[in-house]
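Only a predicted model underlies this, so the values are computations on that prediction, with no experimental measurement involved. Residue numbers start from 1 in every chain, and the chains themselves are labelled A, B, ... in the order their sequence lines are given, proteins ahead of strands.
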Amino acid sequence: MVALTFPDGARREYQDGISGLDIAKGISPSLAKRTVAMAIDGDVRDLSEEIRSGGKIEFLNREDPRALELIRHDCAHVLAEAVQALWPGTQVTIGPVIDNGFYYDFFRNEPFTLDDLPVIEKKMREIIARDKPFTCEVWSRDEAKRVFRDKGELFKVELVDAIPADQQIKIYKQGDWFDLCRGPHMTSTGKVGNAFKLMKVAGAYWRGDSNREMLSRIYGTAFAKQEDLDAYLKQMEEAEKRDHRKLGREMDLFHFQEEGPGVVFWHAKGWTIFQELIAYMRRRLKGTYQEVNAPQLLDKSLWETSGHWGWFRENMFMARSAGEATDDDRVFAIKPMNCPGHIQIFKHGLKSYRELPMRLAEFGLVHRYEPSGALHGLMRVRGFTQDDAHVFCTDEQMASECLRINDLILSTYADFGFEEVVVKLSTRPDKRVGTDAMWDRAEAIMTKVLGDISTRSGGRIKTGINPGEGAFYGPKFEYILRDAIGRDWQCGTTQVDFNLPERFGAFYIDHDGSKQPPVMIHRAICGSMERFLGVLIEHFAGHFPLWLSPVQAVVATITSDADEYAKEMTAAALRAGLRVESDLRNEKINYKVREHSHAKVPVLLVVGRKEAAERTVSIRRLGKEGQQVMPLEAALAMLADEAVPPDVRRLRQAA
RNA sequence: GCUGCCGUAGCUCAGUGGUAGAGCACUCCCUUGGUAAGGGAGAGGUCGACAGUUCAAUCCUGUCCGGCAGCACCA
């Protein structure tokens with residue numbers, strides 16, 4: 001007998017091996033009908049599974065949040081059946097659930113096109129309408145391999161071989177079609193419902209290995225209800241509207257062109273935001289960090305010493321004299337990182353333990369030859385500015401320095417409106433330098449710091465571990481922030497490095513006069529300023545807060561009678577420290593309002609005959625209807641105050 | 001880098017084996033209008049680059065460059 005506890009607290013005994021479905025039927029036929037799966041002690045399982053041990057049982061219906069994964073997984077199976085029905089000979093591989101949907105990878109000589117998707121969807125609806133039950137069978141390895149080999153499903157044979165010996169080979173059938181699958185599934189294909197959509201097609205490597213076959217992947221998504229699907233599609237549209245590449249063009253912030261793949265042409269407005277960002281960071285560093293600047297171009301030998309030439313040569317730009325007849329054939333590399341330069345600065349002159357921690361910061365422009373397929377607007381470029389810093393400290397100072405950096409990073413994000421941040425510790429990768437003892441020590445300290453970060457935030461900051469994701473020279477923290485529409489971006493990073501100081505022979509003189517290697521901590525807050533600005537554009541959807549806005553206000557006239565007053569007002573606003581432009585064009589005010597609204601100018605200062613006579617201004621805010629009429633001086637004082645950056649305001653309030 | 005798709009005016013996009021079109025933007029003229037498009041005229045293109053097929057290529061084929069989506073990569 002097995003003892004089961006129900007969600008209402010009731011406890012009943014059943015015969016060993018009874019299925020969830022039988023239990024549900026015994027309670028009520030309607031429960032059995034609407035139940036798609038069960039959970040035993042929170043573990044989701046097939047409803048038809050035989051129950052061998054007691055515990056807490058729950059019946060899941062389609063609306064249960066835990067059923068969403070099942071709906072998507074089942075939908076992937078339906079997709080696979082549909083594809084094989086339409087194009088016999090196509091091999092199936094894997095079809096997992098991912099964030100926001102699922103995909104299925106197929107092997108086929110002809111790749112799918114977008115035009116195939118509606119055809120496949122139609123076939124899927126037929127399969128769903130047939131409502132065949134999902135049934136699970138356990139096969140022997142040999143049988144599974146034989147059946148799949150006979151069917152020509154060679155990828156499946158490989159998958160069977162990859163399943164660990166202690167795991168069963170489970171086959172899920174839906175009518176005549178079946179697939180190797182870990183499960184669980186719902187009771188039948190009909191439970192998938194019709195709130196699904198195939199989204200796109202793409203190539204993907206078999207088992208994620210770029211040396212293996214390229215498969216044809218179909219992405220889709222599914223929800224319990226049509227409203228949920230519609231809401232999701234709407235959210236996709238919203239993300240598209242915020243695309244920084246589109247907004248960058250529309251707002252005249254930057255552009256890219258063919259001659260400079262992956263490098264940004266910053267226009268005046270974009271560069272204004274960029275500089276405002278850097279000015280903010282500089283203020284935040286003041287008093288703690290020393291800002292330095294290391295050369296752009298350094299002899300290859302330096303990069304050999306640092307190890308970059310060995311590890312990342314494929315991704316570096318090389319430079320040499322372009323002259324034909326020069327006898328100087330030295331090879332230089334354009335810096336891909338700032339650290340070797342900072343180490344040279346640290347090494348210049350003897351350093352005492354009294355000078356540590358020494359914190360060198362640089363807004364360093366680095367270049368990396370990124371694979372062409374990786375380039376993506378400002379988010380992934382070949383030339384970018386890191387808000388980089390290297391802290392040289394003693395072993396004992398390491399933990400407190402990490403925490404100090406953590407405070408800086410979190411408070412910076414908060415100033416841009418990012419409150420939800422996750423910190424992850426990335427541990428030793430396979431490809432690495434340094435002894436295991438070094439890694440053990442570094443990881444132990446970082447793990448402790450990670451715990452401190454969580455407790456100091458009162459649990460607000462979530463933490464996690466990324467096993468094997470560390471840099472080749474040391475473990476790191478990654479700071480992941482969540483934007484206004486719920487997307488996650490990894491920006492900041494703190495990396496401990498026991499390797500580089502040693503490679504360069506950097507040392508400080510300790511109390512006892514001995515030479516000691518410093519610990520080096522690499523840290524970045526925005527990461528790449530270019531990318532961070534891209535994130536900000538999407539986060540704010542182009543509606544920057546006043547202090548960051550490239551054009552904070554436009555003075556727009558209603559009639560040319562107000563031109564003189566408008567010029568006077570523009571001059572006064574500039575004196576008040578505002579970034580302001582004037583629009584005296586011979587256009588109607590409707591037209592001007594529309595145009596500046598599209599350009600996302602936060603404040604419109606509208607003046608007509610009346611305002612000129614009364615020395616007032618009609619203020620219209622971006623995205624809002626209606627206006628506020630104020631005396632000129634009061635309006636400018638209000639805006640100047642509103643344009644104070646958050647950190648400056650904080651300092652003023654503290655004073 | 002790999003797979004697929006794409007490249008026509010500043011932007012968004014039509015279009016055709018006989019060397020091009022719209023809307024917006026731009027310039028000029030009329031209009032001085034009170035909070036998201038007033039009217040008219042004009043100018044603007046080696047149809048991504050280079051080869052090939054053809055009497056003829058922006059269109060068909062190939063190569064390259066660039067972009068988009070995904071994969072792989074990301075010190």
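Within the nucleic acid shown, A:Ser306 has no heavy atom closer than 4.0 Å to any nucleic acid atom. At a threshold of 4.0 angstrom between heavy atoms, the contacts of A:Gly373 include nucleobase atoms, whether or not backbone atoms are also involved. Nucleic acid contact class of A:Pro111 (heavy atoms, under 4.0 Å, all strands): sugar-phosphate only. Residue A:Val606 is classed as a base contact, given a heavy-atom separation below 4.0 Å to a base. Contacts of A:Lys476 with the nucleic acid, taken as non-hydrogen atoms under 4.0 Å apart, involve only primed sugar atoms and P, OP1 or OP2. If you check every strand for non-hydrogen atoms under 4.0 Å, A:Glu595 touches nothing. Here A:Tyr219 lies in heavy-atom contact (under 4.0 Å) with sugar-phosphate atoms only. Among the protein residues, A:Lys610 comes within range of the nucleic acid bases, having at least one heavy atom under 4.0 Å from a base atom. Contacts of A:His376 with the nucleic acid, taken as non-hydrogen atoms under 4.0 Å apart, involve only primed sugar atoms and P, OP1 or OP2. If you check every strand for non-hydrogen atoms under 4.0 Å, A:Pro371 touches a base. Across all strands, A:Glu611 comes closer than 4.0 Å to base atoms (heavy-atom distances).
In terms of phosphate contacts, A:Ser372 brings a side-chain nitrogen or oxygen within less than 4.0 Å of OP1 or OP2 of B:rG1. Side-chain N/O atoms of A:Arg245 include none lying less than 4.0 angstrom from OP1 or OP2 on B:rG67. Side-chain N/O atoms of A:Asn590 include one lying less than 4.0 angstrom from OP1 or OP2 on B:rA36. Regarding contacts with the backbone of B:rG70, a side-chain N or O of A:Lys200 is found under 4.0 angstrom from either OP1 or OP2.
Ring geometry for A:Phe312 against A:Phe472 counts as tilted: the plane angle lies between 30° and 60°, on a 0 to 90° scale. Relative orientation of the A:Tyr413 and A:Tyr479 rings is perpendicular, given thresholds of 30° and 60° on the angle between their planes. Note on ring orientation: taking the six-membered ring where Trp is involved, the planes of A:His255 and A:His267 are perpendicular (angle over 60°, cut-offs 30° and 60°).
Rounding to the nearest 0.5 Å gives a distance of 6.5 Å between CD of A:Gln490 and CZ of A:Arg531. Remark: A:Phe392 CZ to A:Glu401 CD distance equals 12.0 Å, nearest 0.5 Å. Note: A:Asp387 CG to A:Met281 CE = 5.0 Å, rounded to the nearest 0.5 Å.
The distance from atom CZ of A:Arg585 to atom C1' of B:rG38 is 14 Å, rounded to the nearest whole Å. Nucleotide B:rC65 holds its C1' atom 12 Å from the CZ atom of A:Arg382, rounded to whole Å. Nucleotide B:rA72 holds its P atom 15 Å from the CD atom of A:Glu213, rounded to whole Å. As rounded to whole Å, 14 Å separates atom P of B:rG67 from atom CZ of A:Phe254. Between A:Tyr565 atom OH and B:rU32 atom C1' there is a gap of 19 Å when expressed in whole angstrom units. Rounded to whole Å, the distance from CZ on A:Phe107 to P on B:rU3 is 13 Å. As rounded to whole Å, 5 Å separates atom C1' of B:rA75 from atom OH of A:Tyr473. Taking atom CZ of A:Arg249 as the reference point, atom P of B:rG10 lies 13 Å away to the nearest angstrom.
The side chain of A:Met214 has B:rU3 as its nearest neighbour among B:rA72, B:rU3, B:rC74. Among the nucleotides B:rC71, B:rG33, B:rU35, the one closest to any side-chain atom of A:Arg609 is B:rG33. For A:Phe312, the listed nucleotide lying nearest its side chain is B:rC74; candidates were B:rC74, B:rC65, B:rG38.
On the C1' atoms, B:rC47 is 4 Å away from B:rU8, given to the nearest whole Å. Taking the C1' atoms as reference points, B:rC6 lies 15 Å from B:rU58, given to the whole Å. Annotation: B:rA49 and B:rG10 have their P atoms spaced 13 Å apart (nearest Å). Taking atom P on both B:rG40 and B:rA36, the two are 22 Å apart, rounded to the nearest angstrom. As rounded to the nearest Å, B:rU16 and B:rC59 have C1' atoms that lie 7 Å from one another. Distance check on atom C1': B:rU54 versus B:rU27 gives 42 Å, rounded to whole Å. The separation of B:rA9 from B:rC2, taken at their C1' atoms, amounts to 34 Å, rounded to a whole angstrom.
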Tell me, what's RNA chain B's dot-bracket, Watson-Crick or G-U with both distances under 3.5 Å, | for other-strand, [ ] crossing? (((((((..((((....[..)))).(((((.......))))).....(((((..]....))))))))))))....

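The stretch residues 555-562 of chain A touches RNA chain B through A:Ile558, A:Thr559, A:Ser560, each having a heavy atom within less than 4.0 Å of the strand.
Evaluation of atom-type donor-acceptor distances gives no pair under 3.5 Å for the side chain of A:Arg313 against the base of B:rA75. Judged by distance alone with a 3.5 Å cut-off, no donor-acceptor contact links the side chain of A:Gln257 to the base of B:rG67. Counting atom types as modelled, A:Arg380 pairs a side-chain N or O with a base atom of B:rC73 as donor and acceptor under 3.5 Å. Between the side chain of A:Arg217 and the base of B:rC71, no donor-acceptor pair of N or O atoms lies under 3.5 Å. Side-chain atoms of A:Tyr205 stay outside donor-acceptor range of the base of B:rG70, with no qualifying N/O pair under 3.5 Å.
The backbone N or O of A:Lys476 lies less than 3.5 Å from no partner atom in the side chain of A:Gln495, so there is not a single donor-acceptor pair. Between the A:Thr305 side chain and the A:Ser301 main chain, a donor and an acceptor come within less than 3.5 Å of each other. One N or O on the side chain of A:Arg579 and one on the backbone of A:Pro550 form a donor-acceptor pair closer than 3.5 Å. At least one donor-acceptor pair closer than 3.5 Å links the side chain of A:Gln91 to the backbone N or O of A:Leu154.
The nearest heavy atom of RNA chain B to A:Glu478 and to A:Leu375 marks one nucleotide each, and the one closer to the 5' end goes with A:Leu375. Between A:Leu604 and A:Glu370, it is A:Leu604 whose nearest contact on RNA chain B lies nearer the 5' terminus.
Checked against A:Pro475 for a side-chain contact (heavy atoms from CB on, under 4.5 Å), the options A:Glu469, A:Arg432, A:Met446 give a single hit: A:Met446.
Aromatic pair A:Phe102/A:His73: ring centres not closer than 6.0 Å. Less than 6.0 angstrom separates the ring centroid of A:Phe106 from the ring centroid of A:Phe112.
Between the side-chain ring of A:Tyr591 and the base of B:rA37, no stacking contact exists by the 5.5 Å and 30° definition.
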